[in-house]
> 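Have a look at the structure that comes next, please.
Residue numbers count from 1 along this sequence.
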Amino acid sequence: MASDDENENLGLDGIFTEPPRPPTPEPTVSTYTRDENLVCSPDDWRKIDIRLVGSHPLWAHYLWNAALALASFLDSNAELYKDRQILELGAGGALPSIVSAKLGAKKVVVTDYPDAALVENMSYNASQNLTPEELSRVDVQGYIWGHPVLSLVGDPAQLFDLIILSDLIFNHSQHDAMLKTCELALKTGQGEDGVTQPCLLVFYSHHRPHLAYRDMDFFAKAGLRGWTCEEIYTRTFPPMFPEDSGEESVRSTVHGWRLTKRN
């Protein structure tokens, strides 16, 4: 008799059960423009160009508002990760990871579903936007949420100080798997500086307002699993899909939460 693990469907249709949107054109490029107040010298970088894959069932053909918001937040709060180890789940175009690498993260592990087009595109964006020294601190991998994390950490004694999730919690069927990975991969206790506590940053929008309560189940489940959840950020953007149903003010707002593990 096959075990539950053997019967588990790990294909795209099994993990991501949301209905697909209409296909989009071939690969495009979207640009993150840095706040000029953060540019300190003429040599500082001012923008990051993100190549997006063509139509894809994992939505990687969009640069989501949450990714832009998270990139901006990281750009303004480098003290959260400078000289520390970062993991991004479901990275898509990898914009937040690239910002972290540019601003001094010790190590950045960039992951998304192990689909060749996604992994190659993340690697391409890193190589096009990072210096050789910055790129040496970046590791791009395919990874399925909820699975062992040894391939991500390399050394079991070197877990992550910060894990970032950008626009993932609309994948309602995967909440437990995401949280399991975070529990396996995040350091416990205080960080190496003895002050900073390892945490998750979870940024998202309610793309389907009528299912917002299911998005929020992520934080309810996290609370039951021993996480402290605190909303730390909101910002309004033009809605990703103006023609979609539901209140526009809800769909256009990006929320950011910080999660820490209770001892």
> Determine whether a donor-acceptor pair (N or O, by modelled atom type, separation under 3.5 Å) exists between the side chain of Asn121 and the backbone of Arg51.
yes
> Would you confirm whether the ring centroid of Phe219 sits within less than 6.0 angstrom of the ring centroid of Tyr204?
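So the answer is yes for these two rings.
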> Would you say Asn65 and Ser205 are linked by a side-chain donor-acceptor pair, where the criterion is simply a distance under 3.5 Å?
no
> Looking at Leu74, Leu200, Leu89, Val110, which one forms a side-chain contact (heavy atoms from CB on, under 4.5 Å) with Ile164?
Leu74
> Does a side-chain heavy-atom distance below 4.5 Å link Lys82 with Leu103?
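No. Closest side-chain heavy atoms not under 4.5 Å.
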> For the side chain of Arg251 and the backbone of Asp244, is there at least one donor-acceptor N/O pair under 3.5 Å apart?
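Here the side-chain-to-backbone pair exists.
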> For the side chain of Ser100 and the backbone of Pro96, is there at least one donor-acceptor N/O pair under 3.5 Å apart?
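At least one qualifying donor-acceptor pair exists.
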> Are Leu63 and Leu68 close enough that some pair of their side-chain heavy atoms sits under 4.5 Å apart?
yes
> Using atom types as modelled and distance alone, determine if a side-chain donor or acceptor of Glu247 lies under 3.5 Å from a backbone N or O of Pro209.
no
> Looking only at the aromatic ring of each residue, does the gap between the centers of Phe73 and Trp257 stay below 6.0 angstrom?
no
> Under a 3.5 Å cutoff, is there a donor and acceptor pairing between the side chains of Asp167 and His207?
yes
> Any heavy-atom pair between the side chains of Tyr124 and Ile50 that's under 4.5 Å?
no
> Phe218 and ring-ring contact (aromatic ring centres under 6.0 Å, His included): which single residue from His175, His255, His206 fits?
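Of the listed options, the one satisfying the test is His175.
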> Which residue in the set Asp112, Thr181, Thr111 passes side chain to side chain donor-acceptor pair (under 3.5 Å) when paired with Tyr143?
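Exactly one pass, corresponding to Thr181.
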> Compute both the distance and the angle, then confirm whether Arg262 meets the cation-pi test with Trp227: under 6.0 Å from the six-membered ring centre, within 45 degrees of the axis.
no
> Please name the residue in the list Phe203, Phe241, Phe237 that meets the ring-ring contact (aromatic ring centres under 6.0 Å, His included) test with Trp64.
Phe241
> Would a distance-only check, ignoring hydrogens and angles, find a side-chain to backbone donor-acceptor pair under 3.5 Å from Arg137 to Ala105?
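Looks like yes, one N/O pair under 3.5 Å.
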> Going by salt bridge (Lys or Arg N to Asp or Glu O under 4.0 Å), name the pairs with one or both residues in residues 220-236, residues two or more places apart or in two chains.
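Matches after skipping sequence neighbours: Asp176-Lys221, Asp176-Arg225, Glu183-Arg225.
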> If only side-chain N and O atoms count, and only distance matters, is there a donor-acceptor pair under 3.5 Å linking Tyr32 with Asp75?
yes
> Applying side-chain contact (heavy atoms from CB on, under 4.5 Å) between Ile48 and each of Thr31, Asn129, Leu130, Asn125, report the one that passes.
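Answer after filtering Thr31, Asn129, Leu130, Asn125: Asn129.
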> Give a yes or no on whether the backbone of Thr131 and the side-chain of Glu134 come within a donor-acceptor separation of less than 3.5 Å.
yes
> Between Thr33 and Arg46, is there a side-chain heavy-atom distance shorter than 4.5 Å?
no
